[in-house]
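All heavy atoms count here, side chains included; hydrogens, waters and symmetry mates do not.
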Amino acid sequence: NMNLFMKILNNNFYKIIELILLSSILPYVVLVLKFYNLVLPILWLVTLYCIIIFYLKENNINYKLKNIFNINRLVLIKIIIRWIIFSAILLLITYYFFNEKFFIIQKNNPEILWKIMLLYPIFSALPQEFIFCKFFFFRYKSIFKNNLNLTISSALCFAIAHILFLNIIAPVLSLIGGFLFANTYRKHKSLLLVSIEHGLYGNTLFFIGLGWYFWGGSLA
C-alpha cells in the first residue's frame, strides 16, 4: 500500500533511524569491514537513496527544480574571497604543524593531482552537499524545527560521517567545513553554490597535503 509506505517515510521516528544509519552506522560499517576502496560508490548509493526519497516526498515539480542550480554572482565572489583567505591560513597551518604532509601528493604522486582537482568537486563534493544540505534541510526540518538547528545538526552529522578516516583532523575540519557549507545553504538554498564552495576547500586540502587525512593515506 503506497499510502502506508509514504506514512512510514514521513514518520519522524523513521527519519531519526534513517539519519543515524546514514551519518553514523554506515560509516562505522565501512570502517569495520575496511571497505575503504568503496567509499565513493557507497557515497553515490546513499545519494541515490536520498534522491529517491526527495522525489517521492515532494510532489511539486517546480519546487524540485527551484534553487537546485541557481547561483548569485555576488555571493559566489564573497565565497571565493573567503576561500582564498582560509586557504592561506590552511597553507600556513599545514606548513608549520603538518610539515611532513606539506605538498605530499606533488612529492609522491603528482600525476593524480589534476585528476583530483577535476573529479573531486563532481564525484565527492556534489553528492555530499546533496545529502548534507539539500536533502538534510528538506528531510529533517520536522525534527530540528528551524534553520539554525538544521545548520548545526548538518555540520555535526557531516563531521561524524568523517570519523571513518581514523584521525582527529578529518572530523574537526569537517565540523568547521560542514557548518560553513550548511550556513551557505541555509542562506541561499543553492546546491550548486554550496557544492562549488565544498569543491574549492576540498581541492585546497588535497593540494596542500591535508587531504591525506581524508583519503587512503590516513588508512594505510
Output for pair (Ile25 CD1, Ile20 CD1), nearest 0.5 Å, gives 6.5 Å
Do Leu180 and Leu91 belong together in a cluster built from hydrophobic side chains that touch within less than 4.5 Å? yes
Just do the ring-ring contact (aromatic ring centres under 6.0 Å, His included) check on Phe54 and Phe138 with the steps written out, would you? CA-CA 8 Å; Phe54 181 81; Phe138 171 80; 4.6 Å; yes
Residues forming a ring pair (Phe, Tyr, Trp, His ring centres under 6.0 Å) with Tyr95, sequence neighbours excluded: Phe102
Taken in chain and number order and not counting sequence neighbours, the residues that satisfy side-chain contact (heavy atoms from CB on, under 4.5 Å) with Ile17 are Phe13
For residues 29-38, the salt bridge (Lys or Arg N to Asp or Glu O under 4.0 Å) pairs (sequence neighbours left out) are none
Mind checking what makes side-chain contact (heavy atoms from CB on, under 4.5 Å) contact with Tyr49, not counting sequence neighbours? Tyr14, Glu18, Leu22, Ile53
Just jot down the ring pair (Phe, Tyr, Trp, His ring centres under 6.0 Å) partners of Phe103, sequence neighbours excluded, or say none. Phe207
Is the backbone N or O of Phe123 less than 3.5 Å from a side-chain atom of Trp44, with the two atoms forming a donor-acceptor pair by type? yes
Heavy-atom distance under 4.5 Å between the side chains of Phe136 and Ile131, does that happen here? no
Please check this pair: side chain of Asn12 against backbone of Ile143, looking for a donor-acceptor N/O pair closer than 3.5 Å. no
Taken in chain and number order and not counting sequence neighbours, the residues that satisfy ring pair (Phe, Tyr, Trp, His ring centres under 6.0 Å) with Phe132 are Phe158
Is the CG atom of Asn37 crowded by more than 12 outside heavy atoms at less than 6.0 Å? no
Looking at side-chain heavy atoms only, is the closest gap between Leu175 and Ile160 below 4.5 Å? no
With a 6.0 Å cut-off on the ring centroids, do Tyr185 and Phe137 count as close? yes
Please check if the side chain of Asn183 supplies one atom and the backbone of Phe181 the other of a donor-acceptor pair under 3.5 Å. no
Could you please spell out the steps behind the side-chain contact (heavy atoms from CB on, under 4.5 Å) verdict for Leu31 and Tyr36? CA-CA 7 Å; Leu31 176 62; Tyr36 307 133; 3.6 Å; yes
